[in-house]
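Some notes on the structure that comes next.
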Amino acid sequence: MAGFILRRLLLLIPILLGVSILMFVILRMAPGDPAVAYLKLSSIPPTPSAVAEARQTLGLDRPILAQYVSWLSNAVQGDFGVSHVTRRPVIDDILHYLPATLQLAGAALLFTLIVSVPLGIWSARYKDRWPDQLVRAFAFVGVSTPNFWLGFLLVLLFSLTLKWLPPMGKGGWQHMIMPVLAVSFMSLAINARLLRASMLETASARHVLYARLRGLGDRQVERSHILRNALLPIVTATGMHVGELLGGTLVIESVFGWPGIGRYAVSAIYSRDFPVIQCFTLFLVTIFVVCNLLVDILYAWLDPRIRLNAEAAI
Amino acid sequence: MSETLTIENLHVAAQHGHHDHVLVDGVSLTLRRGRILALVGASGCGKSITCSGAQGVLPPGVRVTQGRVLHNDTTVAPERLRGRVVATILQNPRSAFNPIRTMADHARETLRAVERLDGDWRSRTLEAFATVGLEDAESVLPLHAFEMSGGMLQRAMIALALLSDAPFLFADEPTTDLDLIVQARILDLLDELARRRNLGVLLITHDMGVVARLADEVAVMENGRIIERATTREIFDNPQRIATRELVEAHMSLYPEVA
Amino acid sequence: MSVASLDARASRRRMWRLPIRDSWAVRIALFIVALLAIAAIAAPWIAPYDPDAVDLARRLQSPSLSHWLGTDHLGRDELSRLIYGTRVSLGSVALSIVLILALAIAVGGLSGYMGGRIDQAIMRFCDCFLAFPTIVLALFLIGILGTGMVNVIIAIALSHFAWYARMVRGLVLSFRQRDFVLASRAAGASRVRVFFEHLFPAIMAQMIVLATLDIGHMMLHVAGLSFLGLGVQPPTAEWGVMIGDARPFVWSMPMLILWPGLALLLSVMAFNILGDAVRDRLDPSLHGDHQH
């Protein structure tokens with residue numbers, strides 16, 4: 001298992017290198033001269049000499065590979081440059097805003113799993129009866145609802161009408177409820193539906209028949225032979241949900257005035273603050289890739305077919 | 001009078017839209033401890049459905065419409081039969097084991113299901129594994145199905161059947177997916193265990209070779225009904241019905257030396 | 001040869017047989033999609049007002065006979081804006097999908113056909129795209145390219161195409177081994193011809209299933225980006241922009257947020273139902289998680 005984890009960790013390096021190169025190339029292929037954009041943000045008129053000077057400051061006069069290498073060596077040391085707008089080191093801003101985003105996305109992930117698993121079980125257990133139909137209807141609405149709009153509906157209901165919850169900002173746990181609901185609604189629906197389907201498929205597997213024939217009770221069969229196996233695809237799907245939840249958080253932050261990285265990134269996109277955009281993207285990709293790595297490891301740990309093959313391969 | 005298990009007038013039907021399609025049409029069978037009864041017939045004749053119908057594990061859309069199961073003249077609910085009165089061996093053991101659980105897990109839960117799980121479960125499991133000829137039983141416990149051969153898995157399945165200590169055994173095509181040498185060994189094992197443990201066995205098969213080797217009596221099924229029943233000797237020497245004769249002749253043409 | 005072309009023609013015919021006979025849900029979904037299409041195409045004739053006509057004297061009005069759904073903070077007719085918004089929502093998604101299919105078939109097809117090192121390189125390239133959460137990649141691309149609808153379409157396409165490209169590659173690889181392809185190659189048909197006669201229809205069928213399943217999802221993406229102010233620029237009417245525009249009035253005129261959201265919800269639902277139905281009809285093998 002340790003070897004498996006190590007190998008997966010090493011695989012992160014080429015992926016992140018590839019992503020950073022891809023980003024770098026796209027950035028350089030972008031329309032408009034970054035030097036001019038830089039001068040604009042600094043309110044300096046883009047005279048030819050000013051542009052030339054800016055190009056030199058930004059290192060744009062050097063070959064692209066050299067630019068990448070120097071960017072990378074700085075980035076590895078935590079230096080992602082200076083925001084064109086705030087003039088502060090980008091990394092400081094990112095690290096300042098990131099925790100709030102991760103807090104919200106993490107809470108949403110937890111909520112998704114805690115709620116969707118019982119819903120999926122319930123739905124599968126009462127297949128085609130009313131609980132199942134209820135969950136399926138809910139799941140169907142869930143995958144079609146715009147999360148940011150749901151956010152407003154929640155505000156209308158719980159803040160304006162019922163006056164139970166604060167409509168905006170970050171504070172106690174009450175501030176978390178609506179953003180978490182809005183962010184996780186879709187993943188929750190997808191997950192419940194996926195678990196239901198996975199359980200129904202597993203329920204018709206022969207090992208379930210054999211378990212029943214050996215005299216195991218319904219609950220025991222469901223727990224040990226249906227649910228455990230049916231959860232494996234859910235583990236894989238969780239990796240995907242992390243991406244959706246992170247993305248959803250970025251949007252939802254602006255609905256609830258949540259002081260996270262999403263709003264910071266959007267303002268950077270408006271002002272075309274490239275160092276910020278680059279660093280923001282790289283951070284989120286890293287988080288996403290690492291989460292998927294954790295999911296892979298968890299899966300291998302849960303599924304002996306993969307765990308033992310991985311051990312045998314070493 | 002020895003212990004008996006009786007399937008009485010079993011009817012099983014599959015629902016097709018609004019009308020039923022009859023799969024098992026009034027089958028009655030009696031198993032006695034120490035005797036092996038073979039239920040034979042072409043595939044699709046309803047012999048496997050009889051077995052799962054009696055134990056209440058039919059696939060969705062298929063149900064028992066009539067009939068009951070008696071254990072020593074007392075009616076038993078199908079779910080009370082499983083594991084406690086009847087142990088089952090299935091064909092294709094590779095897919096019959098839960099792929100993500102070990103042999104030890106399977107053994108434990110089998111014992112727990114029949115309320116025989118105690119501190120001693122491990123040594124009893126090892127003993128059962130040894131009895132069915134799984135060498136080095138200790139090393140088998142932590143294995144998963146994908147780490148074992150078909151023959152080993154079939155033996156493990158028989159060991160689980162022994163662990164539950166049920167007086168009766170349903171063996172549904174127990175050797176179909178195994179190669180010939182392993183088949184022969186598994187059949188010998190079944191024969192020996194049935195005699196030594198005094199089990200009443202219902203052997204479901206389409207292979208008359210297996211019947212000739214193991215069974216005391218034979219019931220022949222066709223289209224959901226039992227059309228002929230007799231001792232094994234009589235079935236081979238003097239088959240009454242066309243379907244029976246065809247089964248016997250097909251077998252003879254393959255293995256003329258057995259007769 | 002004849003068997004092969006029969007196969008190809010059959011799959012092409014299957015592709016266009018819409019699931020009309022299905023359940024009432026599918027019928028309603030088809031009806032909604034038809035309405036949306038009509039609204040998008042005939043917006044100038046259907047919409048009662050110019051969607052961008054500002055009339056400050058009639059701002060924030062409640063629904064009335066003259067303005068069925070009321071007016072927004074600039075006195076623009078809400079219903080007219082909703083109707084025009086259909087154009088952007090459907091149009092942007094349609095263009096994204098065309099772009100995705102073109103990219104996916106080019107990249108995935110090249111990968112599958114060339115094989116070897118080129119295949120490996122292209123797949124690693126796709127892996128880089130797949131390492132991004134879709135919205136993050138879209139945000140990055142918009143950050144680089146600038147805001148606006150065209151860039152949103154490019155961003156949506158680039159953040160989705162890698163999934164499709166991988167599937168095209170898989171299909172090409174599996175089809176390359178199929179008997180009729182080998183047979184027609186042996187009979188002297190050129191690679192290009194084999195591609196267009198046999199592979200292309202099969203790939204398109206799969207792509208259409210996948211794309212129909214994704215339409216709803218992409219509509220939500222477009223609306224979300226527009227809501228953040230990164231997509232269509234005001235004053236153009238678009239549902240996400242309308243929700244964004246209405247947020248200062250969530251206290252006084254919550255309806256302004258309800259209407260566009262409802263339009264979005266219904267459209268996404270309709271496309272999701274159709275996606276499931278098309279998937280069930282065309283490709284039972286993809287029959288993964290929906291019905292049982």
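Convention: sequence-line order gives letters A, B, ...; per-chain numbering from 1. Quick caveat: nothing in here was measured; it's all calculated off a predicted structure.
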Turns out that what part of B:Arg80 lies under 4.5 Å from chain A's heavy atoms comes down to neither

If I measure from the heavy atoms of chain A, does B:Phe146 come under 4.5 Å with its side chain, its backbone, both, or neither? side chain

Considering all heavy atoms of both residues, which atom of B:Asn98 and which atom of A:Asn229 are nearest to each other, and what is their separation? OD1-ND2, 2.7 Å

Parallel, tilted or perpendicular: which describes the rings of A:Trp122 and A:Trp130, with under 30° parallel and over 60° perpendicular? perpendicular

Relative to chain A, which segment of B:Gln91 carries a heavy atom at a distance below 4.5 Å: side chain, backbone, both, or neither? both

Quick one: what part of A:Leu209 sits under 4.5 Å from any heavy atom of chain B, side chain, backbone, both or neither? side chain

Taking atom types as modelled, find out whether A:Asp132 and A:Ser123 have a side-chain donor-acceptor pair closer than 3.5 angstrom. yes

Can a salt bridge be assigned to the pair A:Arg196 and A:Glu201 using a cut-off of 4.0 Å between side-chain N and carboxylate O? no

With chain A as the partner, which of B:Glu147, B:Glu79, B:His106 has the greatest number of non-hydrogen pairs under 4.5 Å? B:His106

Pair B:Asp165 + B:Arg124: basic N to acidic O under 4.0 Å: no

Which bit of B:Ser164 is near chain A, if near means a heavy-atom gap under 4.5 Å: side chain, backbone, both or neither? neither

Chain B heavy atoms under 4.5 Å from A:Ser224: which part of the residue, side chain, backbone, both or neither? both

Please look at B:Ala87 and chain A and tell me whether the side chain, the backbone, both or neither of the residue comes under 4.5 angstrom of a heavy atom of that chain. neither

Consider only side-chain N and O atoms of B:His21 and B:Gln15, and report whether a donor and an acceptor are under 3.5 Å apart. no

In terms of heavy-atom proximity below 4.5 Å to chain A, should B:Glu109 be classed as side chain, backbone, both, or neither? both

Check this for me, if you would: do B:Arg32 and B:Glu3 make a salt bridge, where the nitrogen-to-carboxylate-oxygen distance has to be below 4.0 angstrom? no

What part of B:Asn92 gets within 4.5 angstrom of chain A, counting heavy atoms only: side chain, backbone, both, or neither? both

